[in-house]
Amino acid sequence: MKKRGTLLALSLLLGMTGALTGCGSGKNGNDAAASGAAPSAQASGSAAAEENVTLKFISWWSYLKPELLKKFEDENPGIKVDYEYVAAGDAYNNKIKTLTASNELPDVFGTQGVTFESLIKTNDILDLKDAFQTPAYDKADKWGDTINPVLVTNMNSGLTSEVDAANHVWGVPFGAVSVVVVYNKTLFDGLGLTAPQTWDAFESNNKKLKEAGLIPMSYANKVGWGDWWLRFLLDQSTRDVTTDDFLTGKAKVTDPGFVEAVQKLKQLWDDGTFDPAGMTNGIDETQALFVQQKMAQYMVVPENFVQYLQENMPQGVELGAYALPAWKGIEPSRTLGGASNIVAVSAKTKHQEAAIKLAKFLTSETTFQQLADSDVVPSTKGYTPPEGDKIMGAYAEAAEKGFIVEHTPGDEAGIKLFQDALPKILLGNKTIDKALAEVQALIDKNAK
């Protein structure tokens, strides 16, 4: 699915790759999950108390430091955590495959994408449906009620109907990938500007920044981040359109709503909103422009990217962040991203109660408060970032507003749209009508 591809692309840029191979939607013998019957293992949250338990836990999340897990151990005498960090990508994928094959899958582990579904189908993941009805780690509320429902929906949308996610809880979102605009508040203050609450204010700010001799906004198309802008605009002008609609002929890239979004992007480009070298600039070049205070705003994902900015800005420069306001006033103004990382519990754990407790801890507000310095977007509902941390507040707000689904064609047509048609349109090498007609012709050809 194109939607899943977009989320995984964001994850890759965060160093949390989703390219973990698996069996995808093929049948792997999990007839219970496929039919909606009770799964082979379900967490009730009512197991007898255990003593002197050692839980095995594995993930690729480099920001999980020993002191965080030590906090869990201190709060839960008798439970020790044997944590193993494995680098993302093939190393992690191969580790999980080996452990699964030898029936040694850790009690708690990180997963995502097709690997997540594959492990569900082989009955290797514990159903947490009942556990979701028990108290959260640090609140009296039910665990399930503390998790951002938008992220749960997003997580489940990446699964096929075979695993019946609507009637099971196969995992819990751990953090979120979302996109916001980080801005140089010191420059804004000097020009009398504030973070925009409306689209008109957004465009007005960009005009004033341009007049002041600054590059108003990043584009970073070398790594595909320029694509984000059209996706944001399309979510306002074609919100009900999906990738499948282009395959069935229900939607066309030459439809008025699609054309209107491209026209708006072209207008922003021609007005000088974006980095003039943004078509070829990547992350390194864009970060340099922002740190040197030549660029005032940077649309960016969180974690190590934001950390770099915070650590390298000149002394005394203050940063802020905001979620992009709705271009056409359609609320909520959604962001790109979703539930990239998932905490799962092994269906074969011998320490179910302790394993669930660790899973609750990892997905608690307590943990995300501890991870605030690493700029991890929380997956808890109603998260309150540490006082004064306006950047994390913006990422959390963006995630709670929901995530954009794809409103563009997939496969060859999608590649042509973003890698050929759009750059030519923005650079003035081809008209909007002609470029989009070529993309539509490719869609029509492939549909035959």
Between [atom1] of [X] and [atom2] of [Y], what distance do you get to the nearest 0.5 Å?
{"X": "Lys264", "Y": "Leu233", "atom1": "NZ", "atom2": "CG", "value": "8.0 Å"}
{"X": "Phe305", "Y": "Thr286", "atom1": "CZ", "atom2": "OG1", "value": "11.0 Å"}
{"X": "Tyr308", "Y": "Met313", "atom1": "OH", "atom2": "CE", "value": "10.5 Å"}

Examine distances only and state if a side-chain atom of [X] and a backbone atom of [Y] form a donor-acceptor pair shorter than 3.5 Å.
{"X": "Thr335", "Y": "Ala399", "result": "no"}
{"X": "Thr349", "Y": "Asp107", "result": "no"}
{"X": "Gln236", "Y": "Ile330", "result": "yes"}
{"X": "Asp255", "Y": "Lys252", "result": "yes"}
{"X": "Thr111", "Y": "Ile342", "result": "no"}
{"X": "Asp138", "Y": "Thr366", "result": "yes"}
{"X": "Ser364", "Y": "Phe361", "result": "yes"}
{"X": "Asp127", "Y": "Lys129", "result": "yes"}
{"X": "His407", "Y": "Val405", "result": "yes"}
{"X": "Glu117", "Y": "Thr160", "result": "yes"}

Using the side-chain contact (heavy atoms from CB on, under 4.5 Å) rule, take Leu55 and Lys357 through it: C-alpha gap first, then chi angles, then the decisive distance, then the call. CA-CA 11 Å; Leu55 296 174; Lys357 184 172 287 188; over 6 Å; no
Do Thr134 and Lys360 meet the criterion of a side-chain donor-acceptor pair at a distance under 3.5 Å? yes
Tell me yes or no: between the side chains of Ser59 and Tyr83, is some donor less than 3.5 Å from an acceptor? yes
Heavy-atom pair of closest approach, residues [X] and [Y]:
{"X": "Val345", "Y": "Ala359", "result": "CG2-CB, 4.0 Å"}
{"X": "Ala344", "Y": "Ile125", "result": "CB-CD1, 4.2 Å"}
{"X": "Ile443", "Y": "Ala413", "result": "CG1-CB, 3.4 Å"}
{"X": "Thr363", "Y": "Pro173", "result": "CG2-O, 3.7 Å"}
{"X": "Thr380", "Y": "Glu365", "result": "CG2-N, 3.7 Å"}
{"X": "Trp170", "Y": "Val163", "result": "NE1-O, 2.9 Å"}

Using the side-chain contact (heavy atoms from CB on, under 4.5 Å) rule, take Phe109 and Trp60 through it: C-alpha gap first, then chi angles, then the decisive distance, then the call. CA-CA 9 Å; Phe109 57 97; Trp60 66 93; over 6 Å; no
Quick check: do [X] and [Y] have side-chain heavy atoms less than 4.5 Å from each other?
{"X": "Phe403", "Y": "Val177", "answer": "no"}
{"X": "Tyr395", "Y": "Val376", "answer": "no"}
{"X": "Val241", "Y": "Phe258", "answer": "no"}

Qualifying residues under side-chain contact (heavy atoms from CB on, under 4.5 Å), relative to [X], sequence neighbours excluded:
{"X": "Glu73", "value": "Lys70, Lys80, Val81"}
{"X": "Pro66", "value": "none"}
{"X": "Ala277", "value": "Asp275, Asn281"}
{"X": "Thr100", "value": "Ile96, Leu105, Leu119, Asp124"}

Taking everything shown except Glu67 itself, do over 12 heavy atoms lie less than 6.0 Å from its CD? yes
Within the supplied structure, the quantity of interest is the number of heavy atoms (other residues, nucleotides, ligands) at a distance under 6.0 Å from Lys56 NZ; does it exceed 12?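 Counting other residues, nucleotides and ligands, NZ of Lys56 stays at 12 neighbours or fewer.
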With under 30° as parallel and over 60° as perpendicular, where do the rings of Trp228 and Trp225 fit, or are they tilted in between?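 Aromatic pair Trp228/Trp225 classed parallel.
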Step through it carefully: locate the ring centre of Tyr85, locate the ring centre of Tyr63, and say whether they are under 6.0 Å apart.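 No - the distance between ring centres of Tyr85 and Tyr63 does not fall below the 6.0 Å cut-off.
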Would you please test Arg231 and Phe418 for side-chain contact (heavy atoms from CB on, under 4.5 Å) and show each step? CA-CA 10 Å; Arg231 290 188 166 104; Phe418 287 111; 3.6 Å; yes
Considering only residues two or more places apart or on different chains, which pairs with a residue in residues 313-330 satisfy side-chain hydrogen bond (donor to acceptor under 3.5 Å, both in side chains)?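 The answer is Glu260-Lys328, Gln297-Tyr322.
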Take Val343 and Phe57 through the test side-chain contact (heavy atoms from CB on, under 4.5 Å) and record every step on the way to the result. CA-CA 10 Å; Val343 172; Phe57 170 41; 5.9 Å; no
Output all residues satisfying ring-ring contact (aromatic ring centres under 6.0 Å, His included) with Phe232, sequence neighbours left out; order by chain, then residue number. none
Quick check on side-chain contact (heavy atoms from CB on, under 4.5 Å): which of Trp229, Tyr298, Tyr183 does Met217 satisfy it with?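 So, applying the side-chain contact (heavy atoms from CB on, under 4.5 Å) to Met217 and each of Trp229, Tyr298, Tyr183, only Trp229 qualifies.
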